[in-house]
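One structure is given here, and the rest of the page talks about it.
Note that the structure is predicted; figures quoted are calculated from it, not measured.
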There are 2 protein chains.
Amino acid sequence: MGVTLQKANTGQNPIAGQHPKTGRFLMSRLRHAMTVGEQDLLESLIYKTQTLQGEHILIERGDFCDFSTMLIEGYMLRTIRDGDDEQIVGLQVPGDFVDMHAFALKRLDHDLVVIGEANVGYVRHEDLKRVLQDQPHLARLFWFSTLLDASIHREWIMKSNQLRAAGRVAHLLTEIWYRLRMVGLGNSKGFDTPLTQIHLANICGMSTIHMSRSLRDLREGGAAEFNRGRITILDGDKLIALGKFDPAYLYGEGGLEVGDALNIDASESLPLS
Amino acid sequence: MGVTLQKANTGQNPIAGQHPKTGRFLMSRLRHAMTVGEQDLLESLIYKTQTLQGEHILIERGDFCDFSTMLIEGYMLRTIRDGDDEQIVGLQVPGDFVDMHAFALKRLDHDLVVIGEANVGYVRHEDLKRVLQDQPHLARLFWFSTLLDASIHREWIMKSNQLRAAGRVAHLLTEIWYRLRMVGLGNSKGFDTPLTQIHLANICGMSTIHMSRSLRDLREGGAAEFNRGRITILDGDKLIALGKFDPAYLYGEGGLEVGDALNIDASESLPLS
DNA sequence: AGGGTGACCCAACATAAGTTATGGCAAACT
DNA sequence: AGTTTGCCATAACTTATGTTGGGTCACCCT
């Protein structure tokens with residue numbers, strides 16, 4: 001896992017990562033909660049983008065950061081190393097801020113790892129700081145993005161304790177599927193991913209052999225199919241049932257809503273989906 | 001789990017929960033990062049305290065909150081219900097803000113449950129909002145407190161995947177021990193807790209029978225002992241080794257430090273412990 | 001005093017998951 | 001063309017953990 005950052009796209013115009021459907025540079029998870037002006041502002045803060053390849057650490061535990069990173073295309077992992085083994089403790093998909101933490105913490109407690117091909121954008125903390133002070137609504141959204149990560153962590157903890165192997169895998173696949181679809185990626189048939197069975201096994205806390213067994217169960221049960229870089233959803237309802245998946249924890253539209261604490265208006269509150 | 005909140009201490013002066021050692025009302029986890037003025041300000045925001053008893057839900061998933069809660073004495077659990085079973089996904093000790101999330105989110109994605117006897121203080125969101133705008137340093141600390149919860153979630157995920165039953169229990173006990181000592185509770189011999197083996201089993205994702213087995217292993221191995229409401233540390237080093245415990249993720253003094261992103265000064269950065 | 005209850009302990013057994021070992025297959029390399 | 005490598009599949013075996021079904025004990029209630 002070498003750490004070699006190649007500069008890319010600097011000085012170029014337009015920069016990479018523009019979304020094919022929306023024409024927007026950011027296909028942000030938070031877009032529906034932002035005004036167009038805020039979207040423009042946020043995009044303007046990105047001073048550099050990079051296309052990264054392969055499996056390597058982008059930001060290492062303990063690094064001091066004066067910038068934050070947004071994942072524009074591809075996947076990234078949060079990992080914690082402890083002695084020999086490396087545990088995946090989080091997964092990021094396009095549109096996620098991957099290290100907004102680094103803005104409120106001096107240092108990160110975990111690594112951020114690139115897998116497959118990814119495109120990332122960087123925002124300087126000094127610029128973020130200014131926006132945070134001037135735009136309380138955006139500030140709250142940034143905070144929200146870190147709370148969303150925590151909510152996902154909690155769900156992983158719950159599902160890991162509640163379900164057996166095949167159920168855990170079903171839940172994970174469903175989560176990724178949902179999260180991708182929330183930012184306009186994948187479709188009802190499935191999605192592409194650079195995740196290998198080794199990654200999936202690590203995330204689900206089981207051996208690769210058992211992951212293979214569990215994927216076979218899902219395949220033979222007619223729920224989902226895994227093939228090198230491609231997840232095919234055979235029966236979405238079946239998969240959701242196996243993983244007892246309830247998307248409320250992802251705070252999508254219609255579910256638990258983003259708060260408005262910095263500008264409270266109780267009349268805005270929505271019922272639970 | 002009935003939800004019956006009895007009003008307590010309203011209108012009284014002084015309010016309950018004053019720390020016996022420091023004389024401070026808050027034995028906050030974040031105290032060492034606050035000025036005396038900030039501590040005073042924070043204390044002044046608490047408009048009500050309550051002493052709560054038994055096992056019941058204090059704040060329920062989906063509740064709309066216009067206040068946030070600080071745990072002054074006792075323990076609280078974060079739980080997620082899914083059908084019949086209830087999973088504990090977090091544990092709070094005195095000095096923790098338990099629902100700073102509710103400030104940035106409209107609604108919480110999980111329940112907050114009181115166990116044993118607990119004393120809590122409430123802060124109005126309108127007051128918090130004012131402080132957030134005027135005092136960027138305190139704002140950062142509040143954000144930090146939610147990031148700390150997330151860091152603990154990640155460690156739980158990692159340890160749950162990395163360790164077998166006895167190791168997971170050892171890690172959990174060590175974590176609680178450390179967190180209590182960080183706010184001046186417990187001592188080198190052990191600590192008191194209302195947690196039962198049922199709670200511990202739930203947190204560690206195993207059956208109560210297996211928790212009983214694991215605790216027996218720890219006892220016979222001379223690491224730690226569990227007795228109704230009391231954890232006795234027989235050999236701290238042994239316990240730490242069994243759980244591969246590394247306190248860095250708790251962001252204590254000397255470890256990964258709280259950032260200063262709202263007022264960056266790179267010269268302040270400290271080496272990792 | 002008697003009965004109930006909740007927390008805890010233990011043994012025997014069933015099942016889930018880890019480990020070891022082997023092999024297939026496709027892509028990359030020489 | 002042959003070799004290597006990474007990813008995936010499977011079987012046989014071992015180990016960890018869950019389940020069932022018993023207990024003890026302290027506490028509370030009547």
Side-chain angles (χ1 to χ4, degrees), chain A residues 1 53-56 75 84-88 115-117 159-173 192-221 224-232 242-243, chain B residues 1 53-56 75 84-88 115-117 159-173 192-221 224-232 242-243:
Chain A
M1 284 208 189
Q53 192 71 39
E55 180 145 345
H56 68 257
Y75 289 72
D84 288 337
D85 54 26
E86 189 166 16
Q87 268 295 324
I88 300 171
I115 55 170
E117 186 171 310
K159 293 300 171 184
S160 148
N161 287 356
Q162 180 192 31
L163 301 172
R164 314 263 100 231
R168 294 208 296 274
V169 180
H171 187 272
L172 176 64
L173 297 183
D192 296 318
T193 173
L195 290 163
T196 66
Q197 288 192 17
I198 299 168
H199 293 124
L200 294 175
N202 187 313
I203 292 173
C204 292
M206 66 183 77
S207 63
T208 55
I209 285 90
H210 209 61
M211 175 54 68
S212 175
R213 279 197 278 246
S214 302
L215 287 171
R216 178 183 57 191
D217 292 347
L218 294 185
R219 189 190 329 125
E220 292 178 351
E225 207 167 21
F226 176 89
N227 290 94
R228 281 229 193 181
R230 173 82 194 167
I231 303 285
T232 306
L242 283 170
Chain B
M1 285 206 188
Q53 191 72 39
E55 181 147 343
H56 68 258
Y75 291 72
D84 287 337
D85 56 26
E86 188 166 15
Q87 267 295 324
I88 301 171
I115 55 169
E117 188 171 308
K159 292 301 169 182
S160 148
N161 287 357
Q162 179 190 33
L163 300 174
R164 314 264 101 228
R168 294 208 295 275
V169 179
H171 187 272
L172 176 63
L173 297 182
D192 297 317
T193 173
L195 290 163
T196 66
Q197 289 193 15
I198 298 168
H199 293 122
L200 295 175
N202 187 311
I203 293 172
C204 292
M206 66 184 76
S207 64
T208 56
I209 283 88
H210 209 60
M211 175 54 70
S212 176
R213 278 197 278 248
S214 302
L215 288 171
R216 180 183 56 191
D217 292 346
L218 294 184
R219 192 189 327 125
E220 292 177 353
E225 208 167 22
F226 176 89
N227 289 96
R228 272 211 207 196
R230 173 82 195 166
I231 303 284
T232 306
L242 283 169

>> Taking the axis from the first five pairs and the axis from the last five, what angle separates them in the helix from C:dA1-D:dT30 to C:dT30-D:dA1, rounded to 10 degrees?
In response: 30°
>> Rounded at 0.5 Å granularity, tell me how far CG in B:Leu163 sits from CG in B:Leu172.
In response: 11.5 Å
> Nearest 0.5 Å, what's the CE-CE distance between A:Met206 and A:Met211?
Replying inline: 4.5 Å
> Rounded to the nearest 0.5 Å, how far apart are SG of A:Cys204 and CD of A:Gln197?
Replying inline: 11.0 Å
> B:Arg216: what forms a side chain to side chain contact (heavy atoms under 4.5 Å, CB included) with it, not counting sequence neighbours?
Replying inline: B:Arg213, B:Arg219, B:Glu220
>> By the 4.0 Å heavy-atom rule, please label B:Ser207 as base, sugar-phosphate, or nothing.
In response: base
>> I'd like to check the side chain to side chain contact (heavy atoms under 4.5 Å, CB included) partners of B:Leu242; sequence neighbours left out, ordered by chain and number.
In response: B:Ala170, B:Leu218, B:Ala223
> Atom OH in A:Tyr75, atom OG1 in A:Thr193: separation rounded to 0.5 Å?
Replying inline: 4.0 Å
> Which residue pairs satisfy the salt bridge (charged side-chain N to carboxylate O under 4.0 Å, His left out) criterion with at least one member in residues 159-170 of chain B, sequence neighbours excluded?
Replying inline: A:Asp82-B:Lys159
> Who passes side chain to side chain donor-acceptor pair (under 3.5 Å) against A:Asn161, sequence neighbours left out?
Replying inline: B:Gln87
>> Can a donor-acceptor pair be found, under 3.5 Å and without considering hydrogens, that links the side chain of B:Asn202 to the backbone of B:Glu86?
In response: yes
For nucleotides 9-13 of chain D, give me every protein contact, N/O to N/O, under 3.5 Å, one pair per line with atom names.
unit_1, atom_1, unit_2, atom_2, d
D:dA9, OP1, A:Arg219, NH2, 3.4
D:dA9, OP2, A:Gln197, OE1, 3.2
D:dA9, OP2, A:Gln197, NE2, 2.6
D:dA9, OP2, A:Ser212, OG, 3.3

> Between CG of B:Leu195 and CG of B:Leu173, what distance do you get to the nearest 0.5 Å?
Replying inline: 9.5 Å
>> Could you tell me the boundaries of the chain A footprint on DNA chain C, defined by atoms under 4.0 Å from its heavy atoms?
In response: C:dA16 to C:dT20
> With nearest nucleotides of DNA chain C determined for A:Gly205 and B:Ile198 from heavy-atom distances, which residue corresponds to the more 5′ nucleotide?
Replying inline: B:Ile198
>> If the condition is side chain to side chain contact (heavy atoms under 4.5 Å, CB included), which residues does A:Thr196 pass it with, not counting sequence neighbours?
In response: A:Ile198, A:His199
>> Whether the side chain of B:Ser212 engages the backbone of B:Thr208 through a donor-acceptor N/O pair (distance < 3.5 Å, no angle test) should be reported.
In response: no
Just the table, please: protein N/O against nucleotides 24-26 of chain D N/O, every pair under 3.5 Å.
none

>> In whole Å, I'd like the distance from the CG atom of A:Leu163 to the P atom of D:dG18.
In response: 14 Å
> What pairs with A:Asp192 under side chain to side chain donor-acceptor pair (under 3.5 Å), at least two apart in sequence or on another chain?
Replying inline: A:Arg230
